[in-house]
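In what follows, a single structure is set out as structure tokens and then discussed.
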Amino acid sequence: MIIYDETTGLIGLHTRHTTYQMKADARGVLLHTYYGPRIGQDDLSRLIRPADRGFSANPADAGGDRRYSLDTLPQEYPCAGGGDMRVPALEVAFADGSAAPDLRFVGLERREGKYALPGLPAFHGEGWETLVVRLADEANGLRAELYYGVAEEHDLITRAVRFVNAGGGPVRLERAMSLCLELPEGDMDLVTFDGAYGMERVPHRGTLRPGVQSVGSVRGASSHQHNPFVVLCRPDTGEDHGLCYGAMLLYSGSFLAEAERDQFDTARLVLGIHPRRFSWTLAPGESFTAPEAALVCSGEGFGPMSRRLHRAIRECLVRDPYAGRRRPVLINSWEAAYFRFDADTLLSMAEAAAALGVELFVLDDGWFGERDCDRRALGDWWVNEKKLPGGLTALAERVRALGMRFGLWIEPEMISEDSDLYRAHPDWALGPAEKPRSRSRDQLVLDFSRADVREHVFQALRAVIDGADVDYIKWDMNRSLTEVWSASLPADRQGEVYHRYVLGVYELLERFRQTWPDMLIEGCAGGGGRFDAGMLYYVPQIWCSDNSDPIDRLFIQGGTSFAYPPSAMAAHVAPVPNALNGRVASLQTRGTVAMAGAFGYELDPRSLTPEERETVRRQVETYKQRWQLVYQGDYYRLTDFFRPGPYVAWAMVSPDRSRALACLVYTQNRAAGPLRTLCLKGLDPEKRYRVDGGGIWGGAALMAAGYPLPPQTGDYDSVTLYLEAVKGG
Ligand code: GLA
């Protein structure tokens, strides 16, 4: 609910459990007055106490009031260049070279429904309201529209900003963040989700120290190293108690999240496109829209924060061709065959997998051009008929004859120098062709800011996809952007290329969706190098990591779960010893962890023993019965990622709390270990549950006292408990 009190000027955005409040002061500066657990329309600008602070400048219209300074006021959209010395949301250079924008409140507009952002990902759906707050810098001819989306039921607030050059000369945006959040207390912890290739999104928590702490990416993708989702929380916040704020950017390119604890011990968070090598020139009349950010607040710890985000992402962001239906259990050829395959190998793998209940066969890298290793042929999107006689059409037909669907790996944004495409168009790669360009995985990046490049890639892939009637695409992206420069833009506009590249990726993804509305697209970037809410608008699932070791995955998937739902996390059972860390974990444990996501296999099913085949067959069958808990259930972390113990556990509970799946995986092992119980969460305390088809337990008892765990029998054991409420219980 959006309430605007015209008399006092107070603006309240109310969701079921939270209130977000702002107010333009007498000078038109838009103050941020509150965000937190729901309060009424109490005007909390009264908490702002003016004081004369040394060295804090007073704006020209302060009228000699030394107590009025932008350096001390909490603001919705603070600008650099004037008196506010903290991290800004906006940096602009005007035609005369001056750089001190001063945005003041002009008016606002409320609407039913959710605003949309053409060309950019955005939350959508029923039950939203929109607020547009108009700000203007009249002297410089710059206007800004702050967009707020309010989803009352989802406890979600989204933000975006649109700038219009209303002056007579060019305006250059140099930093245009999507979000600024001011908090009155600096005594907070900052939680970030960090890692590397093969170990993405592991949560890290630390005290917000005086000064600025930041995470970000300048890689052109949201990156393996940091995620465009951060949390600020009180130091005492845990899974089930305490105040926390989650801030998420719906963007898949370079980003920056900066948290500052300032001289007066307040906190400010800004989140948006990374300003490094970003600039955007607006001619008179032109506009620029900064991508959407979403905010969620929980007064009851990280658990509700994550569940609110999961639900909002599932119901108001992801556009899933399988909406309400189970996505197919797949088998992917990569870890089974890498580049060493021919049609018969693939087919015998598909045959073995089909016999175990697997429904989709995905042919990974290596099917096109002269691609027999990862050094060549990206860009040559024609089928290698030496490997696959009769092309993909023939292979797909034979796969379909087994009752399976057919899927394919592509990496559309890349080009190998050893490719026909590169030989024809060396200027289609990013960076000046006549200067040295960095290679990574021996490949260059196609200039996706260019419409002609995207058109070529689309047409080439269309022929392949239509030719084999492909049911699923894995859209990969296997390097960071370097030498970011486009032959299509003049020297003074090269600062636009990073962002135009992302817009180009979004445009092509949208075109794929429109052209093949029933095709499932999975995102991937060397595993989880582009796992963000921006991508989830275009693809319902993303390959979480190239690391499928179930123990490492506990942290990768567990960290990912702070922001993103299990249904978005593609997870496979892979061979042992694990390709990245050499660990040998049981097939059961590998299954337990992979089944907490969009499930599949990535091994050679022909190499399984009869006993292993039976285990796989049972896993697939179980997943088919329980998928709704993974896709629609409420997710509970049963262990604390910031105080790791001997195991990691989680539960998925149906929205009506009649069914639940609890899983536990040991990360440590020793003799004479204690007899443990697992305390569940999210059950109905009034209901009684049959556990694994055996004994009946009360929901309240299972949550308060726990369920007795069997003794550990080896390394990395796992336990799965399936709970079903008994009638009349
Ligand atoms: C990336 C992906 C892998 C696989 C390979 C193929 O690393 O993350 O899953 O598709 O590329 O080259």
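Nothing here was measured: the structure is a model prediction, and the numbers come from that model. For ligands, and for the atoms within them, numbers begin at 1 and follow the listed sequence.
- Rounded to the nearest 0.5 angstrom, C544 SG and E200 CD are separated by 7.5 Å.
- Residue contact check: G527 has heavy atoms under 4.0 Å from atoms 8 (O) of ligand 1.
- The closest heavy-atom contact to atom 1 (C) of ligand 1, among the options D476, V362, N547, L378, comes from D476.
- Judged by the 6.0 Å and 45° rule, R311 forms no cation-pi pair with Y635.
- By the criterion of a heavy-atom distance under 4.0 Å, neither the backbone nor the side chain of D374 is placed next to ligand 1.
- Nearest to atom 3 (C) of ligand 1 among the protein's heavy atoms is D546 OD1, 3.4 Å.
- Taking only nitrogen or oxygen atoms, main chain and side chain alike, W334 does not reach within less than 3.5 Å of ligand 1.
- Of the heavy atoms in N478, only side-chain atoms (C-beta onward) come closer than 4.0 Å to ligand 1.
- There is no side-chain donor-acceptor pair under 3.5 Å between R590 and S548.
- Using cut-offs of 30° and 60° for the angle between ring planes, the Y564 and F531 rings count as tilted.
- For the atom pair L392 CG and D466 CG, the distance stands at 12.5 Å (nearest 0.5 Å).
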Show your reasoning for whether side chain to side chain donor-acceptor pair (under 3.5 Å) applies to D447 and Y501. CA-CA 7 Å; D447 181 355; Y501 177 92; over 6 Å; no
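- Residue R441 touches ligand 1 through its side chain alone, judged by heavy-atom distances below 4.0 Å.
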